[in-house]
Amino acid sequence: MSAPLTPVPAPTRSTRPGALCGALAGLLIALPALIEAFTGETAATSFFLALSPAFALPFLTAVHHWQSPAPGRFAETAHLVNLIGLGLFGGAAYASNLVLFYLDDDTIETRLTGPTLPALLGSAVVFAVGCALFGAATIRARRLPTVPAWGYAILLPLFALLIALPDSVFTSALHIAVGAVLAWLSTALWRSARTAHHSIAVDHTPA
């Protein structure tokens, strides 16, 4: 006996704008990293990288709403932890790319004392855990493609924990891969919402 079909969630007003924000967040990670692979870190690439987490926030909320019909509290917990982690990590990334970038190494070593470094490390850990949980929730929900969902669960935590490594071909490739995962999920979310919207419109069309 076949299992009953899982109902397709109805798109909300935030679904398509969230998908656009997710695609933009991915591009703001991937494109600067691609440029930095040839030029090294610059003020321009750091500026755009710093903006990426802000656009990832509405994307995360849109994905969660799209998956919300999936049962269980795990998805709610995963979304909450990922949201908190993104807020913390996004603030750290903003400060790193738009403040610390303009300071020399001696000044950074002198100023980053006390709880600053543990706080930055803690924000990366919370973000990594949140991404792993939310990626797992996305895989379980089966609302979006499995491959980028696994990428979210694996690559984003790796990205968070290795963010302090010196710039190299590896770190640039990791940035590009993370940007591609976000863009893939965003595209899938947009298409799924469009299909669901079309189906709802057809169902409500008078015979």
Side-chain angles (χ1 to χ4, degrees), residues 21-57 59-60 63 81-113 115-136 138-139 145-187:
C21 286
L24 185 56
L27 290 175
L28 288 174
I29 294 175
L31 292 182
L34 182 61
I35 295 172
E36 288 182 355
F38 299 96
T39 65
E41 189 176 9
T42 67
T45 56
S46 293
F47 173 78
F48 288 111
L49 280 168
L51 298 180
S52 178
F55 292 99
L57 285 167
F59 164 71
L60 183 63
V63 172
V81 176
N82 201 182
L83 197 63
I84 293 173
L86 180 57
L88 293 171
F89 187 73
Y94 190 89
S96 176
N97 284 289
L98 291 183
V99 178
L100 299 184
F101 174 78
Y102 296 98
L103 302 179
D104 58 74
D105 292 339
D106 291 338
T107 302
I108 293 175
E109 291 180 3
T110 302
R111 298 299 181 184
L112 295 186
T113 58
T116 305
L117 286 178
L120 293 175
L121 177 60
S123 68
V125 171
V126 175
F127 178 63
V129 172
C131 289
L133 292 176
F134 193 74
T138 303
I139 295 168
T146 302
V147 173
W150 275 103
Y152 193 97
I154 296 174
L155 292 180
L156 267 76
L158 188 64
F159 169 76
L161 296 177
L162 300 182
I163 193 68
L165 289 179
D167 292 337
S168 65
V169 175
F170 171 73
T171 57
S172 294
L174 183 58
H175 278 70
I176 293 170
V178 167
V181 164
L182 294 178
W184 190 347
L185 286 173
S186 299
T187 302

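Atoms CZ and CG, from Phe89 and Asn82 in turn, are 11.5 Å apart once rounded to the nearest 0.5 Å. With rounding to the nearest 0.5 angstrom, the CZ atom of Phe47 is 7.0 Å from the OH atom of Tyr94. Note that CG of Leu120 is 8.0 Å distant from OG of Ser96, once rounded to the nearest 0.5 Å. Residue Phe134 holds its CZ atom at 4.5 Å from CG of Leu60, rounded to the nearest 0.5 Å. To the nearest 0.5 Å, the span separating CG on Leu34 from CD1 on Ile29 amounts to 13.5 Å. A distance of 6.0 Å separates OG1 in Thr45 from CG in Leu49, rounded to the nearest 0.5 Å.
Considering all non-hydrogen atoms of both residues, Glu36 and Ser172 come closest at C-OG, 4.4 Å. Contact detail for Ile176 and Ala30: the closest heavy-atom pair is CG1-O, 3.7 Å. Asn97 and Ala50 get closest at one heavy-atom pair: CB-CB, 3.7 Å. Among all heavy-atom pairs drawn from Leu27 and Pro32, the shortest one is O-CD, 3.4 Å. Across all their heavy atoms, Val181 and Leu155 have their closest contact at CG2-CD1, 3.9 Å. Contact between Ala23 and Ser186 at its shortest, heavy atoms only, is N-OG, 3.0 Å.
Counting heavy atoms from C-beta outward, Leu185 and Val63 have side chains that stay 4.5 Å or more apart. At a threshold of 4.5 Å between non-hydrogen side-chain atoms, the residues Phe127 and Leu88 do not count as touching.
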Test side-chain contact (heavy atoms from CB on, under 4.5 Å) on Phe55 and Leu28 and set out the steps. CA-CA 9 Å; Phe55 292 99; Leu28 288 174; 3.7 Å; yes
Checking side-chain contact (heavy atoms from CB on, under 4.5 Å) for the pair Ile163/His175: CA distance, chi angles, key distance, verdict? CA-CA 9 Å; Ile163 193 68; His175 278 70; 4.0 Å; yes
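In this structure, the side chain of Thr171 does not engage the main chain of Asp167 through any donor-acceptor pair within 3.5 Å.
For the side-chain contact (heavy atoms from CB on, under 4.5 Å) with Cys131, the lone residue among Leu86, Leu156, Val126, Ile154 that qualifies is Leu156.
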